[in-house]
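Each remark here refers to the structure printed beneath this line.
Numbering of ligands and ligand atoms starts at 1, following listing order.
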Amino acid sequence: MPVVVNPATEETIVELDDAGVAEADAAVARAKAAFSAWRAVAPSDRARLIRRLATLVEEHADELARIESENVGKPIGGARAEVAMVAEVFHFYAGAVDKHHGQTIPVAGGVDLTFREPLGVVGLIVPWNFPLNISSWKLGPALACGNTVVLKPAELTPLSALRLAELVLDAGIPEGVVNVVVGPGRVVGQRLVEHPDVAKIGFTGSTEVGRGVMQGAAGTIKRVTLELGGKSANVVFADADLERAAASAPYAVFDNAGQDCCARSRILVERPAYDRFVELLVDATSKVKVGDPRNEQTEMGPLISAQHRETVASFVDGEPIFRGEAPNGRGYWFPCTLVEASNQDRVAREEVFGPVAAVIQFTGEEEAVRIANDTPYGLSGSIWTENGARALRVARALETGVLSINSNSSVRPSTPFGGAKQSGFGRELGMQALDGYSDVKNVFIAT
Ligand code: TXE
């Protein structure tokens, strides 16, 4: 029986029954049975139902934020912002329902039409770091395209998805369209990946498990989108506004206690600016407020589990440039930590998924690009410079799915999000996500 724990207190929130293969199969059967009616719902009605869900999320924002904050250890302010984004995502995809459509293509001898067809039952596998957000990124486009869904949240953090499933019904979305199954990844997740009646898997999680998802999906030629790990670079050139870059950098790593696939956990600094930048960075990092997630002022909470804390700790050997404060006692706390590194060090090569940033020096644009790209990952990244031409040149050269210039933010409901290289493929958010939840059917009519 999985025990759901509050990572800030180590107290049990609830014990749930574990689903297994039988429950996964039953959920797929319910989703399959609901498909033909759901795909036939008029686009304007489907849009209205998804919009209703968005409104219900807004009306239950405090409750959902509290659930997420307790279950993940997220600061309540951040959790509230995440729930606001969930509502925005559903609003966006409600608006997208009748704007994602086929074409007529000029051909000889007739008329050619394309249709956007839903895939059928889609399996959505979600990690523990942003349980509700990442669920909405997948659910929104899946529902907008007319698919039915089996959603599997992470074992550690199922609570917000379970509450969302109730709101889905309250919104008037028919029973069977959205099914949530709580159970172990290697059992329930694996079953969804291999199930012959599941047409597609939308997966977010580790690169290692993503590799297995791809292999498992091969048996039934399932479509997959994979949003995997990252080791993103925050590239600071000497001509940047160093104050702004340094004030922002800690939040690009330590938000969500570093448990963020977009974390810019390699901070690359051009040599002439290194000492000044590090001084500013240490100052900004020392101001990150770590503590009780219920406190409105808190900016960073604990890590998700004791086991994960051990993994994170294993990345810090030797004396860091800076180690912040973190509560003692109960809770899986870990302080904000800055370490000086070379790009060959383990801390610069592997995804730490904790509040540890590697600070790396470089000389000139060419070396910046080389170091930034010297990683198997390619999810996000930032470029700080006052030279516009250089900003664009480097942006084109970086092998990554998402970038920001003079900013560290990269996720918005209306813009595509996803990785290059071993950070995965397929795009979430924006109109692009709809391509991943529909197939194109081409029809030629002879005239
Ligand atoms: O991820 P997993 P975990 C990275 C991060 C973290 C590490 C482990 O480095 O420390 O992964 O986290 C389900 N078939 N990221 O263990 O295991 C699982 O139940 C099908 C990066 O949480 O990949 C959960 O629902 N599904 C990342 C989901 O997959 C399986 C976010 C993710 O679990 C499965 C999270 C299987 N065989 C972790 N095994 C990011 N990029 O944001 C597990 N699952």
For E227, the ligand 1 atoms with a heavy-atom partner under 4.0 Å come out as 41 (N)
Would one find an N or O of V126, backbone or side chain, under 3.5 Å from an N or O of ligand 1? yes
Would you call R393 and E365 a salt bridge, taking side-chain N to carboxylate O under 4.0 Å as the test? yes
Check each atom of ligand 1 against the heavy atoms of Q190 and keep those under 4.0 Å away; list them by number with element. 14 (N), 20 (C), 36 (C), 37 (N)
Location of contacts on V188 toward ligand 1, heavy atoms closer than 4.0 Å: neither
List the closest protein heavy-atom neighbour of atom 17 (O) of ligand 1: residue, atom name, distance to the nearest 0.1 Å. V209 CG2, 3.5 Å
Measure from atom 28 (C) of ligand 1 to every heavy atom in V213, T157, I125 and give the option owning the shortest one. I125
for atom 35 (C) of ligand 1, nearest protein heavy atom and its distance come out as P127 CB, 3.3 Å
Strictly below 4.0 Å, N to O, side chains only: are R39 and E117 in salt-bridge contact? yes
F353 N/O under 3.5 Å from ligand 1 N/O: no
Presence of salt bridge, D435 and R116, under 4.0 angstrom: yes
salt_bridge(R163, E166) N-O dist < 4.0 Å: yes
Heavy-atom protein neighbour under 4.0 angstrom from atom 33 (O) of ligand 1: no
Between R370 and D374 (salt bridge meaning N to carboxylate O under 4.0 Å), is one present in this structure? no
Atom 40 (C) of ligand 1: the protein heavy-atom neighbour that sits closest, reported with distance to 0.1 Å: C261 CB, 3.2 Å
Looking at E155, which atoms of ligand 1 are within less than 4.0 Å of one of its heavy atoms? 18 (C), 19 (O)
Could you tell me the residue and atom name of the protein heavy atom closest to atom 3 (P) of ligand 1, and the distance to it rounded to 0.1 Å? W128 NE1, 3.4 Å
Taking the minimum heavy-atom distance to atom 1 (O) of ligand 1, which of G230, S206, G419, P153 ranks first? S206
Identify whether the distance between the nearest side-chain nitrogen and carboxylate oxygen of E63 and R66 falls below 4.0 Å. no
To atom 36 (C) of ligand 1, the nearest of G189, G185, G354, C262 on a heavy-atom basis is G185
Do any N/O atoms on E351 end up under 3.5 angstrom from N/O atoms on ligand 1? yes
Please report the C-alpha distance between R80 and E296 in whole Å, then the side-chain angles of each, then the deciding distance to 0.1 Å, and finally whether the salt bridge (charged side-chain N to carboxylate O under 4.0 Å, His left out) criterion is met. CA-CA 10 Å; R80 227 178 270 126; E296 291 289 341; 2.8 Å; yes
Which residue is it: V178, V86, V126? I am looking for the one with a side-chain contact (heavy atoms from CB on, under 4.5 Å) to L139. V178
Does F203 come within less than 4.0 Å of ligand 1, judged by its heavy atoms? yes
Are F130 and W137 near enough that their ring centres are under 6.0 Å apart? no
Identify, by atom number and element, the atoms of ligand 1 in contact range of T204, meaning under 4.0 Å from any of its heavy atoms. 32 (C)
Closest to atom 27 (C) of ligand 1 among G229, P184, G205, G424 (heavy-atom distance): G205
Sub-4.0 Å atoms of ligand 1 with respect to non-hydrogen atoms of H308: 10 (O)
Aromatic ring centroids of F237 and F362 under 6.0 Å? yes
For E350 and K231, what are the C-alpha separation, side-chain angles and deciding distance, and is it a salt bridge (charged side-chain N to carboxylate O under 4.0 Å, His left out)? CA-CA 7 Å; E350 295 177 25; K231 194 69 208 178; over 6 Å; no
Check R396 with E399, please: is the shortest side-chain N to carboxylate O separation under 4.0 Å? no
Using a 4.0 Å heavy-atom threshold (strictly under), name the region of F130 that reaches ligand 1: side chain, backbone, both or neither. neither
